[in-house]
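Please read all numbers here as calculations on a predicted model, not as lab measurements. Computed over heavy atoms, backbone and side chain alike; hydrogens, waters and symmetry mates excluded. Counting convention: from 1, in listed order, for ligands and their atoms alike.
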Amino acid sequence: MAVLELPTYESVISASERIKGYAHRTPLMRSHALDKALGAEVLFKCENLQRTGSFKFRGAFNALSNLDEQHRRAGVVTYSSGNHAQAIALSASLLKIPATIIMPHDAPASKVAATKNYGGNVVIYNRYKEDRELIARGLAEDHGLKLIPPYDNPEVIAGQGTAAKEFFEDADQIDYLFVSLGGGGLLAGSALSARALAPECKLYGVEPEAGNDGQRSFRSGAIVYIDTPRTIADGAQTQHLGEYTFPIIHSYVDDILTVKDEQLVDCMRLFASRMKLVVEPTGCLGLAASYDMRTLVQGKRIGVIISGGNIDLDRYGTLLVQGL
Ligand SMILES: *Cc1c(COP(=O)(O)O)cnc(C)c1O
């Protein structure tokens, strides 16, 4: 069996050099109301204000800017209905690389439109009848394209790690960091940065309760596979951690926590009313978990990565006004 070459903090440093001038160094924000409610000092890393509206731009741009000449010419392919699609489409257009994005026939029209707008060549598939990974591999083989998966890739993980790298450079003495968890690209990358820059900081991944495969994998020591979970946190509707993300998470993360969808809606309201921030449900995982950990974080300095802010406006309005 081939031994996987896992990314390291050195890979995160290289990624941060490559994305410089392309990705935003997103701001840290605070809210006195939220500090008071939690009894802690809370610093938010605002990746909802990143290009394309989520941290995914970091990993996508890093992976694409590291392609060899042959793949730059032939192009890349990926599958995603969400933020990774937009991140690949914009990165590819900035780097003048052709990009094919495989999206399900029932993907929200706004996401398909955004991906096309960024210059992506969208291929629609039927999610009930076809296998997107097979389609992607077929296209990759037939046309010599490079497949860039949404999380299980060393360059993607290293790119995602730049958000926490910036966070720890801009904020010191952080006791706890809370990070949204889907397939684990963001959490694994954050772990590389946290262990290098803030070895004492406790690091928690947070996933929706309905999709607690990450927690079960972490606690059992082997990757657990589940059916697509039903949750409003669509960025975390993954079925399993990855071959690259799992070992990093298992070695460096302190625990994986879960929260309920209702808590995500409460946090969307808090972000809107207290901080004037539009945050998508998946972006609320970290804050929701830190509320659950209120007694533990009393008097501490904590960090929360707000992972993204992409949500259809009518859906956003409905969730804020009517709830689930
Ligand atoms: C993709 C995504 C996540 C999960 O990231 P992984 O790297 O798959 O763990 C969390 N939040 C948002 C907004 C996302 O787009």
Side-chain angles (χ1 to χ4, degrees), residues 7 12 15 26 44-60 62-63 78-90 107-108 111 114-115 148-164 178-193 203-208 211-215 217-218 223 228-229 231-246 248-249 253 256-259 264 267-268 271 277-289 304-312 316:
V12 180
T26 51
F44 294 97
K45 175 73 170 165
C46 296
E47 288 297 299
N48 56 321
L49 305 178
Q50 184 52 266
R51 292 185 86 171
T52 70
S54 84
F55 70 89
K56 292 270 191 344
F57 181 73
R58 297 172 180 271
N62 185 47
T78 194
Y79 41 81
S80 163
S81 49
N83 292 336
H84 179 65
Q86 295 173 54
I88 289 284
L90 178 61
K111 294 210 162 152
T115 306
I148 313 281
Y151 58 86
D152 208 22
N153 172 287
E155 309 289 339
V156 170
I157 295 168
Q160 316 309 28
T162 60
F178 296 90
V179 177
S180 314
L181 170 62
L186 182 62
L187 182 58
S190 300
L192 298 176
S193 294
L203 177 60
Y204 292 105
V206 188
E207 65 187 351
N212 69 343
D213 60 293
Q215 185 181 61
S217 305
F218 182 82
I223 301 176
T228 302
T231 167
I232 58 168
D234 57 342
Q237 274 183 317
T238 41
Q239 295 173 268
H240 56 87
L241 298 179
E243 279 181 65
Y244 289 93
T245 59
F246 176 68
I248 298 174
I249 290 171
V253 170
I256 310 283
L257 313 168
T258 64
V259 300
L264 299 178
C267 290
M268 286 170 67
F271 279 127
L277 290 178
V278 175
V279 183
E280 64 183 275
T282 319
C284 293
L285 287 163
L287 178 61
V304 170
I305 299 185
I306 301 177
S307 52
N310 290 327
I311 179 165
D312 280 346
Y316 183 68

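- The salt bridge (Lys or Arg N to Asp or Glu O under 4.0 Å) contacts involving residues 237-246 comprise nothing, where partners must be two or more places apart or lie in separate chains.
- Residues that satisfy the side-chain contact (heavy atoms from CB on, under 4.5 Å) test with Thr238, not counting sequence neighbours, are Tyr151.
- Here the options are Val304, Leu287, Val259, Leu285, the test is side chain to side chain contact (heavy atoms under 4.5 Å, CB included), and the partner is Cys267; only Leu287 passes.
- Taking all atoms of both residues into account, the shortest heavy-atom contact from Tyr79 to Pro150 is CE1-CD, 3.8 Å.
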As a test of reading the model: which N/O atoms of the protein lie under 3.5 Å from N/O atoms of ligand 1, and at what distance?
residue	atom	partner	partner atom	Å
ligand 1	7 (O)	Gly185	N	2.9
ligand 1	7 (O)	Leu186	N	3.0
ligand 1	8 (O)	Gly183	N	2.9
ligand 1	9 (O)	Gly182	N	2.7
ligand 1	9 (O)	Gly183	N	3.2
ligand 1	9 (O)	Gly184	N	2.7
ligand 1	11 (N)	Ser307	OG	2.7
ligand 1	15 (O)	Lys56	NZ	2.8
ligand 1	15 (O)	Asn83	ND2	2.7

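- No hydrogens or angles considered: a donor-acceptor pair under 3.5 Å links the side chains of Thr26 and Glu47.
- The side-chain contact (heavy atoms from CB on, under 4.5 Å) test applied to Phe218 returns Ile249, His250, Val253, Asp255, Ile256, not counting sequence neighbours.
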